[in-house]
Amino acid sequence: MRLLILVVDDEPDIELLFKQQFRHDLRAGRFLMEFAHSAASALERIANAADVTLILILSDVNMPGMSGLELLPQARHLRPDVPVIMITAYGDPETKRRAIQDGAEALLTKPIDFAVLLEEIDMRIGRAA
């Protein structure tokens, strides 16, 4: 079983950061991590993820074009079984309220606490097993 985590963020540095933070897990094959640089490409991947078990979507809130908050209900509609965690540099109460109201599992603020994120990932892997 190939477990996939989809990271949605328009910043190219995020891909490098995540690959570095999770390099041991990725090398060990605990899960795959793919990156979508726009909400539109994320929706396409979510809709066509039959080749893997999608266990988690991590999405930035602020992106050009469609924001993460606009992506959230569409992602949840396509895959109501897959939790979505929103990531933002601005953890204001209104953004958090809206994200949770629209179905996000959690809202993490940047800089990301990767230990907390790994706990979330481990929980998802346990549920998928």
Rounded distance [0.5 Å steps], OG1 in Thr53 versus CG in Leu3
6.0 Å
Taking Lys96 first and then Asp92, would you say they form a salt bridge - that is, a charged N and a carboxylate O separated by under 4.0 Å?
no
Spatial distance of atom CD (Gln21) from atom CG (Leu16) [nearest 0.5 Å]
10.5 Å
Are Leu6 and Leu17 connected in a single hydrophobic cluster, I mean Ile/Leu/Val/Met/Phe/Trp/Tyr linked by side-chain heavy atoms less than 4.5 Å apart?
no
Using side-chain heavy atoms (C-beta onward) and a distance below 4.5 Å, is Val7 in contact with Met33?
yes
Kindly give the heavy-atom pair with the smallest separation between Gly68 and Met63, and that separation in Å.
N-CE, 3.7 Å
Option among Lys19, Arg45, Arg2 that satisfies the salt bridge (charged side-chain N to carboxylate O under 4.0 Å, His left out) test with Glu34:
Arg45
Verify same cluster id: Val116, Met123 (apolar side-chain graph, 4.5 Å)
no
Any residue meeting salt bridge (Lys or Arg N to Asp or Glu O under 4.0 Å) with Arg30, in chain and number order, not counting sequence neighbours
Asp25, Asp122
Could you state whether Phe114 and Leu32 fall into the same hydrophobic cluster, counting links through intermediate Ile, Leu, Val, Met, Phe, Trp or Tyr residues with side-chain heavy atoms under 4.5 angstrom apart?
no
With the threshold set at 4.0 Å, does a side-chain nitrogen-carboxylate oxygen contact exist between Lys110 and Asp9?
yes
On a heavy-atom basis, which atom in Ala99 and which in Leu107 lie closest, and how many Å separate them?
CB-CD1, 4.5 Å
Is it the case that one hydrophobic cluster holds both Val8 and Leu26, taking links as side-chain heavy atoms less than 4.5 Å apart, direct or via other members?
no
Look only at the side chain of Glu70 and the backbone of Ser67, and say whether a donor-acceptor pair between them is shorter than 3.5 Å.
yes
Can you list the steps and then say if Leu118 with Phe22 is a side-chain contact (heavy atoms from CB on, under 4.5 Å)?
CA-CA 8 Å; Leu118 185 56; Phe22 296 110; 3.9 Å; yes
Would you sort out whether Glu105 and Met86 count as a side-chain contact (heavy atoms from CB on, under 4.5 Å), showing the intermediate values?
CA-CA 8 Å; Glu105 189 97 353; Met86 304 303 294; over 6 Å; no
Please report, to 0.1 Å, the donor-acceptor pairs under 3.5 Å made by any side chain of residues 71-79, with sequence neighbours excluded.
from  : atom 1 : to     : atom 2 : distance (Å)
Arg76 : NE     : Gly103 : O      : 3.4
Arg76 : NH1    : Pro80  : O      : 3.1
Arg76 : NH1    : Val82  : O      : 2.8
Arg76 : NH2    : Pro80  : O      : 3.4
Arg79 : NE     : Asp81  : OD1    : 3.0
Arg79 : NH2    : Asp81  : OD2    : 2.9

Within the structure provided, determine whether Glu11 and Ile14 are in side-chain contact (heavy-atom separation under 4.5 Å).
yes
Criterion side-chain contact (heavy atoms from CB on, under 4.5 Å) on Phe31 and Ile121, from CA distance to verdict
CA-CA 9 Å; Phe31 53 83; Ile121 291 170; 3.6 Å; yes
Taken to the nearest 0.5 Å, the spacing of Leu58 CG from Leu108 CG works out to 7.5 Å
Interatomic spacing from OG in Ser59 to CD1 in Ile85 - rounded to 0.5 Å:
11.0 Å
Report yes if some heavy atom in the side chain of Thr95 is under 4.5 Å from a heavy atom in the side chain of Val61; otherwise report no.
yes
Criterion salt bridge (charged side-chain N to carboxylate O under 4.0 Å, His left out) on Glu120 and Arg124, from CA distance to verdict
CA-CA 6 Å; Glu120 290 283 343; Arg124 308 295 172 233; 2.7 Å; yes
Same hydrophobic cluster for Phe35 and Leu117, using side-chain heavy-atom links shorter than 4.5 Å among ILVMFWY?
yes
Mind checking whether Ile5 and Phe18 have side chains closer than 4.5 Å, heavy atoms only?
no
Quick one, Ile46 and Leu54 - any side-chain contact, counting heavy atoms below 4.5 Å?
yes
Can you measure from CE (Met66) to OG (Ser38) and round to the nearest 0.5 angstrom?
8.0 Å
